[in-house]
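Before any comments, here is the structure.
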Amino acid sequence: MSNKAKVNNGRYFEDFTLGEIIHHATPRTITAGDCSLYIALTGARNPLHSSEPFAQSLGLPHMPVDDLLAFHIAFGKTVPDISVNAVANLGYAEVQFHLPVYVGDTLSTQSEVIGLKQNTSGKSGIVWVRSTTVNQNDTTVLSWVRWVMVHKHARQAPAPSTTLPTLADYVAPSALTLPDTFRSHDEISQATGSEHFWEDYATGERIHHAAGMTINESDHSLATRLYQNNARLHFDAHMMQHSSVGQRLVYGGVVISACRALSYEGLENALRILAINAGTHANPSFAGDTIYTMTEVLDRWALPDRTDIGALRLRMVGIKNMPAKEIETIKTEQGYHDNVVLDLDYTVAIPRRGS
Amino acid sequence: MSNKAKVNNGRYFEDFTLGEIIHHATPRTITAGDCSLYIALTGARNPLHSSEPFAQSLGLPHMPVDDLLAFHIAFGKTVPDISVNAVANLGYAEVQFHLPVYVGDTLSTQSEVIGLKQNTSGKSGIVWVRSTTVNQNDTTVLSWVRWVMVHKHARQAPAPSTTLPTLADYVAPSALTLPDTFRSHDEISQATGSEHFWEDYATGERIHHAAGMTINESDHSLATRLYQNNARLHFDAHMMQHSSVGQRLVYGGVVISACRALSYEGLENALRILAINAGTHANPSFAGDTIYTMTEVLDRWALPDRTDIGALRLRMVGIKNMPAKEIETIKTEQGYHDNVVLDLDYTVAIPRRGS
Amino acid sequence: MSNKAKVNNGRYFEDFTLGEIIHHATPRTITAGDCSLYIALTGARNPLHSSEPFAQSLGLPHMPVDDLLAFHIAFGKTVPDISVNAVANLGYAEVQFHLPVYVGDTLSTQSEVIGLKQNTSGKSGIVWVRSTTVNQNDTTVLSWVRWVMVHKHARQAPAPSTTLPTLADYVAPSALTLPDTFRSHDEISQATGSEHFWEDYATGERIHHAAGMTINESDHSLATRLYQNNARLHFDAHMMQHSSVGQRLVYGGVVISACRALSYEGLENALRILAINAGTHANPSFAGDTIYTMTEVLDRWALPDRTDIGALRLRMVGIKNMPAKEIETIKTEQGYHDNVVLDLDYTVAIPRRGS
């Protein structure tokens, strides 16, 4: 006697309904162990997440969890319901880091279906969801929109009416939030190691971060499992041998975190991520790839009611198996350079001079 | 000058005496770091071990440590004294999870030799031990019987008289224990993601869990070292190159944990392991193997004085490099299917409907 | 527009000035997660760092962080300023473990340039630095001298006058420190598993530790990143393909920790490292190497004002891909045996009998 009903095979395209709210299971309490693993997996050195006294000197009660660790865990919660059957993770928008997450916080995530479009092939469709993560006090700490291409299970299932959500090109400066108690001070360089502040970055400037990091098979498997992201294509090599790529795919979040950590040298004072405006995984990454990073300054904004801290809108480009300084053209009309694996538009908080 | 006496080479068959009590060294305090690593190594998503508010909603003071993490650490303590020279780990019985283990608890283990039988070859013998693990308050949290085949050092050493312990086929429902304060409630599905409760599982039912997980060399090495299990065959590749298998063996506990984590999809409400009734590592596992899992419901029991929670006796079969749904016959008279790596008979606590 | 100034490429030989004090960035708070990872990476079983009740029984407030974990993290802080451009890490001396480090402590490190000598080639030079690590109370917990060979950036840069520091052959017994409250007792063997105490080790004695541990690529990458050591040659495989060794080098600290953990069997009561007197990474280690360890007792010292605990000066030899008992000659006039990867002279605290 076999009971297929017990095994949740995930939703197919025809299972999504516009306006539907999906409460994702398995809330997660974040611990000091998660933070150490994040450092071991990425080499992240941002002292805001590594030094309790430094975090407290900035007005925070404790060192917050790395922004991307919190994001990956929150995101992982949505996978069983949203993207287990995804053909591709097409993009992100309006990712907001509303409040810091601390060790001991418990994150729960829900998603609303905000857009649907069946593909002309009739075999799949695109689903847009807006996900929101709250902590144990029901306060929103993270929210984002993503869209994925999902297979249809029954090809003859009727197509939903097409609804395309209106998405902002970027999170507006007025919507960016920092904790009230978070204040810059004059001794930040001692902890970060850099004298480069908000005023020192110019629109159009490119920083070719020197270091590369090779992603080992176990590294990305550990990361994906730590985030409780159950998308099989990241850790089931037997299944992936029979796929078009022939091997496990590295979870895109692993690449984002590698690039963020590698770009520390040159962005040492970019203490907090405020938003991700857009993101594309331009090419797949596999174990053995070495990731390099290039940053381009897209814009420089003052923040509302803030003279001590400003915002930089940055483009973070992840490049595999080629140092960042060797790449000239990221993208042409024909598409991305074969070595580009990530093109992320994001916004960071960075102290201003003389604050 | 060489001092061989300083290096403990472990006990050989003739070094065990019936009734002897062995106090195992290196007590271990379990931390939040151990729990995070366990999630990263297994992808475990059981919210009882991942969400502090969920654990508290069930009447526990904190989220307990994953049952199998506690077991592997407790078990690891016995390896230097019991099985460093083992030819094979033959079986488990009467494994009982008496009380939850929490972060901050310190586990100490001792073993009693309860059975001895020299093999007819005269080169080795079988040793049965009953091991008991207490926490820092000297309260028993775990106990189990296992038997191992151990080499003789001196072939001419006299054979002990044969004593075979009487072992229960399974831990009886009356012996299963749950903490007094542990209570089910109506909102469990929100955390676990499943509406399948005790009443929904039928004896003979089989669940073919869909996901597989590939075990990387570093994954199982990290796990074995985390458990402070010093059996060299798991992490000394130089030595194992000259063995019959030619490579490192994956510690059997790594396979048990992989299967337990993979079977979450279909057993989401099986919150706590109460007992392991029997277990066999049917074939060895090596790095690169992808583990799949099949569960068969063996029995369904009420628990003494409990209307909110019942027990399921389950058979968890681990299969390498073949999806669970593709295997028909686990075992014939000739023995196990070549791809079967684990056959475990265990008992879980699962809430009842309308509790 | 490219801004090279933003990327810190590290100091070259001509950038060091005698007497200069360098404050290293990114202070680090050590957590329980770091300690669990250290166990998972090394298999360390020293109960002083694994059992809270055992540490307290010895008069400490909590279990201290493994001595080498604290050292590697403190050391990692110096890499961006001292050795990112190092050709080779030539040696250590006068490494002192002044006080235990505990979970929650925040470590900050500074270094003083105490020696300079340009090589006759004119292409590089040797820099000696004395580094000091303090905790959040500004109390010194670690200090050490190391010397590295660093490239010159501009060959025509003038050579500094040569200054060679005077370094002690070993840290004198009178300079070794144990916490005042740290006291031995009669039940230590129960926790460590060994009856061998200070009196049982004789000068000249050699212990061939039996176990070997294979270093996987991911193991050493995780360790190096956990220590926030950003020396690229350990984790950038793309860059290292074009180097003379053709692959990533294992960070020397990983080898030291492997040897220390492997030498537990035979040195179970060597609870605390007091000093590292000298150290050489005799040959490089690569992923896949299996590390074995031989210990030679160099000396046995009483400690000032202590009858309960003495010191052993030990030589710890790391050997790759060859069991310790198979090596006869560690070093000849022609240099080290090809399989020797580490030759470390260090001092441990070990309880005396009947204490």
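By number of non-hydrogen pairs under 4.5 angstrom with chain C, the leading residue of B/Met239, B/Met240, B/Arg28, B/His234 is B/Arg28. Between chain B and the options C/His209, C/Met63, C/Glu195, heavy-atom pairs under 4.5 Å are most frequent for C/Met63. Residue with the most contacts toward chain C among B/Ala25, B/Ser218, B/Ala32, B/Ala223: B/Ser218 (heavy-atom pairs, distance under 4.5 Å). If you tally non-hydrogen atom pairs under 4.5 Å between each of C/Ala211, C/Ala261, C/Pro323, C/Pro47 and chain B, the highest count goes to C/Ala211. Contact count versus chain B (heavy atoms, under 4.5 Å) is highest, among C/Ala191, C/Gly193, C/Ala55, for C/Ala191. Ranked by heavy-atom pairs under 4.5 Å with chain B, the first of C/Gly43, C/Gly212, C/Gly33 is C/Gly212. The most heavy-atom pairs under 4.5 Å with chain C, out of B/His23, B/His238, B/Gln241, B/Arg232, come from B/His238.
Under 3.5 Å, the side chains of B/Arg248 and C/Asn216 contain a donor-acceptor pair of N or O atoms. Under the 3.5 Å distance criterion, with hydrogens and angles disregarded, no donor-acceptor pair is assigned to the side chains of B/Thr132 and B/Thr140. A side-chain donor from one of C/Thr192 and C/Asn269 sits under 3.5 Å from a side-chain acceptor of the other.
Heavy-atom proximity under 4.5 angstrom to chain B picks out C/Thr290, C/Tyr292 from residues 282-301 of chain C.
Considering only heavy atoms from C-beta on, B/Leu41 comes within 4.5 Å of B/Leu226 through its side chain. With a 4.5 Å cut-off on side-chain heavy atoms, B/His24 and B/Pro80 do not count as touching.
In this pair, B/Tyr251 and B/Tyr227 present their aromatic rings perpendicular. The plane angle is above 60°, beyond the 30 to 60° band. Between B/Phe75 and B/Phe71, the angle of the ring planes lies from 30° to 60°, which puts this pair in the tilted group. Ring-plane geometry between B/Tyr102 and B/His62 is classed as perpendicular, the angle between the planes exceeding 60 degrees on a 0 to 90 degree scale with a lower cut at 30.
Between the CD1 atom of B/Ile114 and the CZ atom of B/Arg146 there is a distance of 12.0 Å, given to the nearest 0.5 Å. Going from atom OG of B/Ser257 over to atom CE of B/Met213 covers 8.5 Å, rounded to the nearest 0.5 Å.
For a residue to count as touching a neighbouring chain, one of its non-hydrogen atoms must lie under 4.5 Å from one of that chain's; by this rule C/Glu265 touches chain B with backbone and side chain alike. For C/Leu267, no part lies near chain B; criterion is any non-hydrogen pair under 4.5 Å. When heavy atoms are compared at a cutoff of 4.5 Å, C/Ala44 approaches chain B solely by way of its backbone atoms N, CA, C and O. When heavy atoms are compared at a cutoff of 4.5 Å, C/Tyr264 approaches chain B solely by way of its side chain, counted from C-beta outward. Heavy atoms closer than 4.5 Å to chain C are found in the side chain of B/Leu37, but not in its backbone. Residue B/Asp81 does not touch chain C at all, counting heavy-atom pairs closer than 4.5 Å. Only the backbone of C/Thr42 comes within less than 4.5 Å of a heavy atom of chain B; no side-chain atom from C-beta onward does.
Under the side chain to side chain contact (heavy atoms under 4.5 Å, CB included) test applied with B/Ile30, the options B/Thr106, B/Val65, B/Asn135 reduce to a single match, B/Val65.
The pair C/Arg353-C/Asp200 meets the salt-bridge criterion, with a side-chain N (NZ, NE, NH1 or NH2) lying under 4.0 Å from an Asp/Glu carboxylate O.
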Problem set entry | Full working for side chain to side chain contact (heavy atoms under 4.5 Å, CB included) between C/Ile350 and C/Leu271 | CA-CA 6 Å; C/Ile350 179 165; C/Leu271 293 173; over 6 Å; no
